[in-house]
Amino acid sequence: MKKLFGLLWALALLLLIAACGADESGSEGEDSVEPAEETGGDAEQAAGEGGGEGDLEIFSWWTGAGEEDGLNALIERFEEEHPDISVENAAVAGGAGTNAKAVLATRMQGNDPPSTFQVHGGEELNQSWVAADKMEPLNDFYEEEDLMDKFPEELIDLVSHEGNIYSVPVNIHRGNVIFYNMSVLEEHGLEPPTTFDEFFEVAEELEAAGVTPLALGDKESWTATQIFENVLLGTLGAEDYQALWNGDISFDNERAAQAADTFGQMLEYVNDDHASRNWQDAAQLVAEGEAAMINMGDWAKGYFVNDLDLGVNEDFGYLPFPETDGNFMVITDTFGLPKGVENPDDVKKFLSVLASVEGQDDFNTLKGSIPARVDADTSKYDEYGTDTIEDFQESNLTPSLAHGSAASEGYLTKANQAVNIFVTQGDTERLLESLETARVEED
Ligand code: GAL
């Protein structure tokens, strides 16, 4: 009898363990926050790989080094709050959405939208998806969640079209930042440059000392476009930089030509193998002290701190790109509700977590960006974060071309091509002509 009791007890224990296991791998398990598989840059290969039916499929390009930590933190919070909804992290590798945007376009055209996807506020959202009638307005959601006064007006404008709001900003990245290796500059008795003249003086000295002055990884050409947009901002100033995208100023003018010359001159100081590196590989040159500086959006801060274990203002310093102090090149990642998804209520639940103070703080303290919300808990941010939050409030805000806000996706593709040709050929006139022609074509 005792033996039978023992057997029954063991059986009951086994059943209990099995039941717990099933629970863990179901709704709350770690499985669903595993980073999405790297696609190895092959957009085609990844196209069509959707989540399971009914899953909340979150589409972005935040995979791998420096990119995924914030997203995983957000997903974890969501899963804690909604253990009944299973999440599919459908990220596609490639900085600035190089591959993800192509995959997304294929899916949207095939009426197979992810539940929600990363999209930059501004033209990328408006021209690619809102104008094509692919997004649901979120005005009611903003009202219900009491969000109308929780984001800076400029951000709400970037995600609005003809009076409707179409997405929720999760962050604000800054694009006009120079990150530098502190000990490299110190060792050579150099100060980080604030003007173009200073940049070239510092670059000359570094080069003479055998250090690469400026790290570049333009295997994906947006990184070079990003430098050029910052040179344009530094040369034209905030107002006229904006006027370039409004069409009030053409590229056929002396200051744009001057900016192209300065850009060309800067490219003389980059690493020889720039075309075979991506942004992380280039940032690594700075981390290791082989290069002194890099212009990168502040996702590089997330990479330096979380992935490479470097300290803000201990190992690396930061300052605005030359001659752009007082200006803030805004990059904002946002998520919306595509038309025709199976689970709009679940998507809204995710957007609600993403829009919350806690969600934004979980995400942005890891991502390198600052919260899009105006009432986030600033005590959670490091010195870079608090400096940037302050700068955002005091600066002229300008939209990034390289990250989708200033011009349409079609224009950006042509601009990236033109910049890429310029990097190899250095033909200033051709660059300006291509940029102008592309604009006329896209209008
Ligand atoms: C930007 C995006 C950032 C970061 C970066 C590098 O376009 O807004 O969040 O992902 O690309 O991939």
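Owing to the predicted nature of the structure, the values given are computational and were not obtained by experimental measurement. When a ligand or atom number is given, it counts from 1 through the structure's own listing order.
Side-chain contact between Leu56 and Glu88 is absent, with no heavy-atom pair separated by less than 4.5 Å.
Closest heavy-atom approach to atom 2 (C) of ligand 1 among the candidates Thr334, Asp298, Asp333: Asp333.
Heavy-atom proximity to Lys367, at under 4.0 Å, picks out these atoms of ligand 1: 3 (C), 4 (C), 9 (O), 10 (O). Interface atoms of ligand 1 facing Gly95, defined by a heavy-atom separation under 4.0 Å, are 12 (O). Proximity to His120 (heavy-atom distance under 4.0 Å) selects the following atoms of ligand 1: 1 (C), 2 (C), 7 (O), 8 (O). Under a 4.0 Å criterion applied to the non-hydrogen atoms of Ile331, ligand 1 contributes the atoms 8 (O).
Residue-to-ligand polar distances keep Trp299 apart from ligand 1: every N/O pair is separated by 3.5 Å or more. Looking at Glu67 next to ligand 1, an N or O pair under 3.5 Å apart turns up. For ligand 1, the polar-atom distance check against His403 finds a nitrogen or oxygen pair separated by under 3.5 Å. The shortest N or O to N or O distance between Ala96 and ligand 1 is under 3.5 Å.
Inspection of the Asp315 and Asn181 side chains reveals no N or O donor paired with an N or O acceptor under 3.5 Å. For the residue pair Ser395 and Asn327, no side-chain donor N or O sits within less than 3.5 Å of a side-chain acceptor on the partner. Counted by atom type alone, Ser369 and Asn364 present one or more donor-acceptor pairs between their side chains at under 3.5 Å.
Centroid-to-centroid, the aromatic rings of Trp299 and His403 come within less than 6.0 Å.
Of all non-hydrogen atoms in Trp279 and Met296, the two that sit nearest each other are CB-CE, 3.6 Å.
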Take Tyr318 and Asp387 through the side-chain hydrogen bond (donor to acceptor under 3.5 Å, both in side chains) test and state the conclusion after the steps. CA-CA 10 Å; Tyr318 52 89; Asp387 273 0; 2.6 Å; yes
